[in-house]
Peer 1: 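Take this structure, written in structure tokens, and hold onto it; I'll ask about it next.
Both backbone and side-chain heavy atoms feed into the values below; hydrogens, waters and symmetry mates do not. In the text below, chain A, chain B and the rest are named by the order of the sequence lines, each starting its count at 1.
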2 protein chains.
Amino acid sequence: MDQLRALRYFSKVVQLGSFTQAAAEFSVPPSSLSRRVADLEKHLGADLLKRSTRSVQVTEIGEIYFQQIQDVLRLLAHSDETVRSYQAKPMGQLRITSLVGFGEQRLLPALEDFKAQYPDVVLDVRLSDELTSLSRDDVDLAIRGGYAPNERVQAIRLMSNEFIPVAAPAYLAEMGVPQSVLELQEHKGIYFRTPRGPTPWLCQVDGEWRDVSAPAVAISNNGAWLAEQAVRGRGIMMAPRWALAAYIDRGELLELSFDTTLSVNQNPELAIHLIYQKQRYLVPKIKAAVDFLVERFR
Amino acid sequence: MDQLRALRYFSKVVQLGSFTQAAAEFSVPPSSLSRRVADLEKHLGADLLKRSTRSVQVTEIGEIYFQQIQDVLRLLAHSDETVRSYQAKPMGQLRITSLVGFGEQRLLPALEDFKAQYPDVVLDVRLSDELTSLSRDDVDLAIRGGYAPNERVQAIRLMSNEFIPVAAPAYLAEMGVPQSVLELQEHKGIYFRTPRGPTPWLCQVDGEWRDVSAPAVAISNNGAWLAEQAVRGRGIMMAPRWALAAYIDRGELLELSFDTTLSVNQNPELAIHLIYQKQRYLVPKIKAAVDFLVERFR
DNA sequence: TCGATTATTGCCCGAACGACAATAATATTA
DNA sequence: TAATATTATTGTCGTTCGGGCAATAATCGA
């Protein structure tokens, strides 16, 4: 019995809930799937599917088997791809996901150069602040704040994600430059909202965390719009240094400094990381992208 | 092409370095392996093996593929086993590894009861203080000091591994009972040697770690022998509470207590953990053993 | 209750795999 | 250096396995 074929048939039947539809995907008659799945069940000595003449249901053990088989099929596909693309030029589809802000301001511009350098790679970029599962195989590369979830994935630190406080020169002229973090509460605040909630201004005094946020004049998950607000002198804003660098360079925003360092969470050194599955680094398109992004950002 | 069969053939050829020997394991002529591997190479579009008429060598990409394929074959075997043994009685071979001391004193006696309860499970116990890789599939269950290496494996805390200082009554009568950790250096020490080195006596004073070890009169990786030395009044010994409980109960050794807690490493709460692969909990023999050991020790 | 959809079973055919023998090449030994 | 034996490959044949097609049985929906 060609178990691998049986697994693919079974898997598709489970996904589509129908022998007929699954058969269509393989361009073979439904009878083939029926027989192959039956073979598989005999081989395993258990019923994977509960069939009636008109419908298919997955049994409890069938569902368990299905779940575990996904890993097998995915791993094998990856291994085959690794060999097939061995010492070939980078090509094919490359799926990247990134934090929205970083994606818009840094990643997408960089990828323009990448596309020029590797025209045969088709980019599929998804910007989202939700954390997608790298292992589910819906993505080749991910850019995230945080660290490596487990040992099979590699996480390379691209740059710091340190939040710094800034304000427009006009705002500071009118409201005064705050000399201490405690004075911040007399000011106006512009806040970035992450999927995990807003980002209050925190500082550590005598080993204890204190919230020194100013009253809010703007809250959004859109970094560009918030920065615009800050440039117009609406208030003080905290955002990652990489997101503000352009404004600071142009003199539109000034970085504030205090004796006590300010941050937006209790783990200030959560950097921006590039994440990928270790063993997939051998695939040319992935190696090319990783090397390119590391070279560009680190 | 039955790729799975080809993978098994290829894998065996790599392991044995010979088509003939590999063919013998499958009870098929070598010509079959030759053809199947050739099919596989054609399918992948790359040479996996460098052949001369008398010998076989693995190519670079062949070696990479071989390594990755091992995971695929192992996962598939596990999945099949899960289904096959679904709602069957615990049976078959069960491979357990454990720390030597814990194994001798606690695990092996417990397993006597386990064997009586599940006579169809054939136990294969390996005692070693080296950390074996659970994922390499050479072991079903592991008992280790420490924590979970990654998210796919489950680690259940069985009991504390706190080291406590003890000495024989006769020794204390002769040498005096140390009142403070600093006095320990005037005493005689009996030390356990782990694979990571010996276990000095440490205590934390003003947030700083200090070594308060006494001069050594005995060092060994054999806990039973060391305990014997302590019983005979040769010196003070630090060992896990579970290893000393029997001696203390019999009054052969007395637990020493200090105002400053003593330990043998800078991470005192490294407990004894039972470790297994999460998804394999569905296999009856593994579920039975995990449940049994947790019930027994926790 | 009737009709249509869906899974299964029977039968035939082609392709794939194993068995066996023969061949070519190379490592080992004299 | 030459002879021998071992080892991988190739050719040929027969069996088995899986796909194609048609017919059947069972069930969901109208």
Peer 1: For R36(B), check side-chain hydrogen bond (donor to acceptor under 3.5 Å, both in side chains) against everything at least two apart and list the hits.
Peer 2: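 So R36(B) forms a side-chain hydrogen bond (donor to acceptor under 3.5 Å, both in side chains) with D39(B).
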
Peer 1: Here's a test of your reading of the structure: between P29(A) and L33(B), which maps to the more 5' nucleotide of DNA chain D?
Peer 2: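 Between the two, 5'-proximity favours L33(B).
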
Peer 1: What are the bounds, 5' to 3', of the part of DNA chain C that sits under 4.0 Å from heavy atoms of chain B?
Peer 2: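 Nucleotide range in contact with chain B: dC17(C) to dA27(C).
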
Peer 1: Give me the bend of the helix from dT1(C)-dA30(D) to dA30(C)-dT1(D), using the axes of the five pairs at each end, rounded to 10°.
Peer 2: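 It comes to 40° between the two terminal axes.
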
Peer 1: Say you draw a straight line from CE of M1(B) to CZ of R35(B); how long is it, rounded to the nearest 0.5 Å?
Peer 2: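 Answer for the CE-CZ pair, M1(B) versus R35(B), is 15.5 Å.
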
Peer 1: What's the spacing between L73(A) CG and L7(A) CG if we round to 0.5 Å?
Peer 2: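 Rounded to the nearest 0.5 Å, the CG-CG separation comes out at 6.0 Å.
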
Peer 1: Would you mind listing every salt bridge (Lys or Arg N to Asp or Glu O under 4.0 Å) that reaches into residues 106-117 of chain A, with sequence neighbours excluded?
Peer 2: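 Found D113(A)-R296(A).
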
Peer 1: Let me spell it out: for each of P30(B) and S32(A), pick the nucleotide of DNA chain D with the closest heavy atom. Which residue's pick is nearer the 5' end?
Peer 2: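 So the residue in question is P30(B).
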
Peer 1: Output yes when D140(B) and R95(B) qualify as a salt bridge under the 4.0 Å nitrogen-oxygen rule, no when they do not.
Peer 2: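 A salt bridge links D140(B) with R95(B).
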
Peer 1: Say you draw a straight line from CD of Q67(B) to CD of Q279(A); how long is it, rounded to the nearest 0.5 Å?
Peer 2: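 One gets 11.0 Å once the value is rounded to the nearest 0.5 Å.
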
Peer 1: Should we count CD of Q93(B) as having more than 12 external heavy atoms under 6.0 Å?
Peer 2: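 Buried by this count: over 12 neighbours within 6.0 Å.
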
Peer 1: Quick one: side-chain contact (heavy atoms from CB on, under 4.5 Å) partners of T53(B), sequence neighbours excluded?
Peer 2: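 Not a single residue meets the side-chain contact (heavy atoms from CB on, under 4.5 Å) criterion with T53(B).
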
Peer 1: Using distance alone, with no hydrogens and no angle criterion, decide if S31(B) and S34(B) have a side-chain donor and acceptor under 3.5 Å apart.
Peer 2: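 The answer is no; no qualifying pair exists.
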
Peer 1: Residues two or more places apart in sequence or in another chain: which of them pass side-chain contact (heavy atoms from CB on, under 4.5 Å) with Q70(A)?
Peer 2: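 S11(A), Q15(A), F66(A).
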
Peer 1: Within the 3.5 Å criterion, strictly below it, is a donor on R144(A) or S98(A) matched to an acceptor on the partner's side chain?
Peer 2: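 Result is no, nothing qualifies.
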
Peer 1: What residues from residues 44-55 of chain A pass a heavy-atom cutoff of under 4.0 Å to DNA chain C?
Peer 2: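 Under 4.0 Å from DNA chain C: R51(A), S52(A), T53(A), R54(A).
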
Peer 1: Partners of Y86(B) by side-chain hydrogen bond (donor to acceptor under 3.5 Å, both in side chains), sequence neighbours excluded?
Peer 2: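 If we apply the side-chain hydrogen bond (donor to acceptor under 3.5 Å, both in side chains) test to Y86(B), skipping adjacent residues, the hits are E60(A).
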
Peer 1: Do you see a donor-acceptor pair shorter than 3.5 Å between the side chains of S79(A) and T82(A)?
Peer 2: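 Side-chain D/A pair, S79(A) to T82(A): absent.
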
Peer 1: For R36(B) and dT10(D), what is the distance between atoms CZ and P respectively, to the nearest whole Å?
Peer 2: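 Value for this atom pair: 12 Å.
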
Peer 1: According to side-chain hydrogen bond (donor to acceptor under 3.5 Å, both in side chains), who are the partners of E104(A), at least two apart in sequence or on a separate chain?
Peer 2: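 E104(A) satisfies side-chain hydrogen bond (donor to acceptor under 3.5 Å, both in side chains) with no residue once adjacent residues are dropped.
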
Peer 1: What parts of residues 2-11 of chain A reach DNA chain D, counting only heavy atoms under 4.0 Å away?
Peer 2: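 Under 4.0 Å from DNA chain D: D2(A), R5(A), Y9(A).
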
Peer 1: Protein-nucleotides 11-14 of chain D N/O pairs closer than 3.5 Å?
Peer 2:
residue, atom, partner, partner atom, Å
dG11(D), N7, R35(B), NH2, 3.1
dG11(D), O6, R35(B), NH2, 2.4
dT12(D), O4, R35(B), NH2, 3.4

Peer 1: Please output the side-chain donor-acceptor pairs of residues 21-30 of chain B that fall under 3.5 Å, not counting sequence neighbours, one pair per line with the distance.
Peer 2:
residue, atom, partner, partner atom, Å
E25(B), OE1, K12(B), NZ, 3.3

Peer 1: Nearest whole Å is fine: how far is dC17(D) C1' from M1(B) CE?
Peer 2: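 Taking atom C1' of dC17(D) as the reference, CE of M1(B) is at 16 Å.
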
